[in-house]
Amino acid sequence: IKEYTDSAHLLRPNHCYHIRIVVQKDYTAYYVDNELLFRASFRHAGEGDGHFGLRMLTNHVVFSGFRISR
């Protein structure tokens with residue numbers, strides 16, 4: 001996984017980020033403000049099945065418009 005440390009990719013204060021996670025039959029992709037930052041292919045059938053979690057620890061995150069769609 002590539003680490004983005006340039007100023008364009010560091011968190012900005014008071015900025016609302018649009019996060020999109022796409023899980024398809026053979027890959028998972030992660031977008032921030034419509035920029036693809038990560039894509040991984042699955043090696044085995046059913047590898048993308050399962051659960052996900054949102055980890056928050058001592059932060060000031062607000063989720064709005066959260067939805068899961070098929």
Side-chain angles (χ1 to χ4, degrees):
I1 298 176
K2 180 180 177 182
E3 185 174 356
Y4 294 90
T5 58
D6 58 293
S7 61
H9 290 98
L10 296 178
L11 295 177
R12 297 186 307 264
N14 303 313
H15 176 80
C16 292
Y17 291 92
H18 179 255
I19 306 296
R20 184 167 47 112
I21 301 171
V22 177
V23 180
Q24 294 291 335
K25 188 174 184 176
D26 58 347
Y27 73 91
T28 292
Y30 178 79
Y31 297 83
V32 176
D33 291 340
N34 293 317
E35 179 184 357
L36 176 64
L37 295 183
F38 174 81
R39 181 184 165 121
S41 298
F42 299 132
R43 297 183 189 128
H44 309 288
E47 191 174 359
D49 297 347
H51 305 276
F52 72 94
L54 300 172
R55 182 176 182 227
M56 298 178 292
L57 180 66
T58 314
N59 61 42
H60 303 280
V61 174
V62 174
F63 290 95
S64 65
F66 180 82
R67 66 188 169 110
I68 298 172
S69 58
R70 199 171 263 251

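When the side chain to side chain contact (heavy atoms under 4.5 Å, CB included) test is applied to Leu57, the partners found at least two apart in sequence or on another chain are Arg55.
Across Ile21 and Thr28, no two heavy atoms sit closer than the pair CG2-CG2, 4.3 Å. Between Tyr27 and Arg39, the closest heavy-atom pair is CD2-NH2, 3.4 Å.
Taking hydrophobic clusters as Ile, Leu, Val, Met, Phe, Trp and Tyr residues chained together by side-chain heavy-atom distances below 4.5 Å, Val22 does not share a cluster with Phe42. Two different hydrophobic clusters hold Val62 and Ile19 under the rule that ILVMFWY side chains link at heavy-atom gaps under 4.5 Å.
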Scan the side chains in residues 29-38 for donor-acceptor partners under 3.5 Å anywhere in the protein, sequence neighbours excluded, and list what turns up.
| from | atom 1 | to | atom 2 | distance (Å) |
| --- | --- | --- | --- | --- |
| Asp33 | OD1 | His18 | N | 2.8 |
| Asp33 | OD2 | His15 | NE2 | 2.9 |
| Glu35 | OE1 | His9 | NE2 | 3.2 |
| Glu35 | OE2 | His9 | NE2 | 2.9 |

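By the 6.0 Å contact criterion, CG on Asn14 is open, its count of non-hydrogen atoms from other residues, nucleotides or ligands being 12 or less.
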